[in-house]
Amino acid sequence: MDDVLMRIKRAVFAGRYALTGKAEMELDADGLDESDVAESILNASRIEKTIRSTSQQRERHREYLHVIRSPNFSGITIYTKGKLRQVNGEDVYYIMISAKRSR
């Protein structure tokens with residue numbers, strides 16, 4: 001298993017994650033909740049792709065966003081896009097920017 005995916009899973013398992021307002025709205029629209037997203041990430045076997053973001057609005061001008069598609073415990077495939085954030089050299093949060101049913 002990919003080292004980055006393992007780090008993401010550890011952060012989510014420990015409850016060290018957060019949802020952006022956009023991700024919360026997407027979950028609400030699809031009738032899902034935070035536990036569905038956490039289950040999906042814990043079930044993931046791989047990161048589908050990693051995107052290098054260059055938005056000027058981001059904390060760092062260049063950061064990596066990880067896309068994961070995986071089913072939750074009920075079999076609903078969920079799409080998430082997020083980033084690992086570090087504080088004092090430790091993975092503190094997995095920030096989910098987007099979270100919704102996979103189409």
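Just so we're clear, the structure is a prediction, and the values are computed from it rather than from any experiment.
- Linking ILVMFWY residues whenever their side-chain heavy atoms come closer than 4.5 Å, directly or via other members, places Ile51 and Tyr79 in the same cluster.
- Using a 4.5 Å heavy-atom cutoff, the side chains of Val67 and Thr80 are not in contact.
- Rounded to the nearest 0.5 angstrom, Thr20 OG1 and Lys81 NZ are separated by 9.5 Å.
- Glu24 CD to Glu26 CD: the interatomic distance, rounded to the nearest 0.5 Å, is 11.0 Å.
- Hydrophobic clustering of Ile, Leu, Val, Met, Phe, Trp and Tyr side chains at less than 4.5 Å, counting indirect connections, keeps Ile95 apart from Met25.
- Residues Leu42 and Phe13 meet the side-chain proximity criterion, which asks for heavy atoms closer than 4.5 Å.
- If you take CZ on Arg7 and CD on Gln86, they are separated by 5.5 Å, rounding to the nearest 0.5 Å.
- Here the rule is side chain to side chain donor-acceptor pair (under 3.5 Å) with Asn72, and of Asp33, Asp36, Asn43, Thr77 only Asp36 fits it.
- Minimum heavy-atom separation, Lys83 to His66: CA-CD2, 4.5 Å.
- You'll find the side chain of Leu27 reaches within 4.5 Å of the side chain of Leu19, heavy atoms only.
- The minimum heavy-atom distance linking Ile68 with Arg46 is given by the pair CG2-O, 4.2 Å.
- Ser70 contributes a side-chain N or O that, together with a main-chain N or O of Ser40, makes up a donor-acceptor pair within less than 3.5 Å.
- Between Ile8 and Leu84 the shortest side-chain heavy-atom distance falls below 4.5 Å.
- The nearest pair of heavy atoms linking Leu5 to Ser45 is CD2-C, 3.6 Å.
- With a 4.5 Å cut-off on side-chain heavy atoms, Glu39 and Glu34 do not count as touching.
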